[in-house]
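A quick write-up on the structure given underneath.
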Amino acid sequence: MKTDFTELEKIIQDILAVPEYRDHPASKALKQLWEINQDQWHRMDRLTRLSDSYQDMMIQRERSLSERFDKHLRQLEKMTRISDRYQRSLRQLNIELEKTSLIDPLTELPNRRMIMKRLSQAFESQQEKHQQGDQVANLVVAMIDIDYFKKVNDEFGHQVGDDVLIALGQLMEKTVEGLGIIGRWGGEEFLVILPSHTSAHALALMERLRSNVSSYSFDAENKTIQTSVSVGIASYQAEDSMDTLLSRADNALYLAKSDGRNSVILG
Ligand SMILES: Nc1nc2c(ncn2[C@@H]2O[C@H](COP(=O)(O)OP(=O)(O)OP(=O)(O)O)[C@@H](O)[C@H]2O)c(=O)[nH]1
């Protein structure tokens, strides 16, 4: 049965208000009971309000924590994106840096640093091959120097000289393509590495390269520039170091120059 407290309260108040009942023990007990009830009701009310405000506080705290968490997450995502972008551009920069540190900017051929790297690799595999007794095809290097290049600069200017270097670089690269690697050794000098060639094959290839350059003519200011190269070749021999191999190619080049230029000599 549901108690109607408003009705009950009214009945109790009515009883307590009757003057004749005032000193009656039942009236006193009822008054006491009523006060206890009121007291408990106030306590319950306080507890309920306390619990409500505690719940509100917890909800508020949870919301603020969640907002802070979301904010940190967004910051973290942003930082990750920035870091990814930064790493990508750093990688790209490294690739470009590696490229520029190994490529000659004028001719876009491998520079001396790269050609030395490749020579060192080719030299190591040559030594392994040599130890296994394979001595038919060897590592061959060819030192190439453009003849009378100073005259080109003097007569047509440095810019035309640069253009001639680029054109000859491309022509020579085409000639050795698939057979070896050519790089700019410095100034008007180039170095060819042929990893596995007989001396006869290397000689024939360099003869073709010399012939291609000498039949090439460069047009500048309505004049034709005739070009030629001198080439010194050295083929790997037992006990060779990279230095002795290069030095023999250099000596052969010197002989080719002394021989009147536009020639190929196997040292
Ligand atoms: N335009 C241009 N000239 C260069 C470059 N590097 C070196 N040279 C020039 O190449 C010329 C080399 O001259 P020399 O060493 O006297 O040799 P050469 O005139 O070719 O004569 P031989 O080698 O004896 O046939 C010099 O004039 C250098 O200035 C370059 O990057 N661009």
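Just so it is clear, the model here is predicted, and its values are computed rather than measured. One-based numbering, in listed order, for ligands and for the atoms of each.
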For ligand 1, which atoms sit closer than 4.0 Å to a heavy atom of [X]?
| X | result |
| --- | --- |
| Tyr148 | 18 (P), 19 (O), 20 (O), 21 (O), 22 (P), 25 (O) |
| Gly187 | 6 (N), 7 (C) |
| Gly161 | 1 (N) |
| Asp147 | 20 (O), 25 (O) |

Smallest heavy-atom separation, Leu266 atom then Ser199 atom, equals CD2-CB, 3.9 Å
Nearest heavy-atom contact between Leu119 and Ile193 is N-CD1, 3.5 Å
Name the closest protein heavy atom to [atom], giving the residue it belongs to and the distance to 0.1 Å.
| atom | answer |
| --- | --- |
| atom 31 (O) of ligand 1 | Arg184 NH2, 2.7 Å |
| atom 32 (N) of ligand 1 | Asp162 OD1, 2.7 Å |
| atom 9 (C) of ligand 1 | Asn153 ND2, 3.3 Å |
| atom 23 (O) of ligand 1 | Lys257 NZ, 2.8 Å |
| atom 17 (O) of ligand 1 | Glu188 OE2, 3.5 Å |
| atom 19 (O) of ligand 1 | Lys150 N, 2.9 Å |

Compute the shortest N/O to N/O distance between [X] and ligand 1 and return yes if it is under 3.5 Å, no if not.
| X | value |
| --- | --- |
| Ile146 | yes |
| Phe149 | yes |
| Arg261 | yes |

Would a distance-only check, ignoring hydrogens and angles, find a side-chain to backbone donor-acceptor pair under 3.5 Å from Asn111 to Ser101? yes
Just by distance, do the side chain of Thr48 and the backbone of Met44 share a donor-acceptor pair under 3.5 Å? yes
Could a heavy atom of Glu189 be found less than 4.0 Å from some atom of ligand 1? no
Should the proximity of Asp145 to ligand 1, defined as any heavy atom under 4.0 Å, be assigned to the side chain, the backbone, both, or neither? side chain
Pairwise distance CE(Met242) to OG(Ser120) - rounded to 0.5 angstrom: 5.0 Å
If I take atom CE from residue Met116 and atom CD from residue Gln121, how far apart are they, to the nearest 0.5 angstrom? 12.0 Å
Axial cation check for Tyr148 ring with Lys151, 6.0 Å and 45° limits: yes
Does the side chain to side chain contact (heavy atoms under 4.5 Å, CB included) test come out yes or no for Leu165 and Arg184, once each step is laid out? CA-CA 10 Å; Leu165 277 174; Arg184 190 173 179 198; 3.5 Å; yes
Check the orientation of His201 and His197. Use parallel for under 30°, tilted for 30 to 60°, and perpendicular for over 60°. perpendicular
side-chain contact (heavy atoms from CB on, under 4.5 Å) with Met206: which of Val229, Val140, Ile233? Ile233
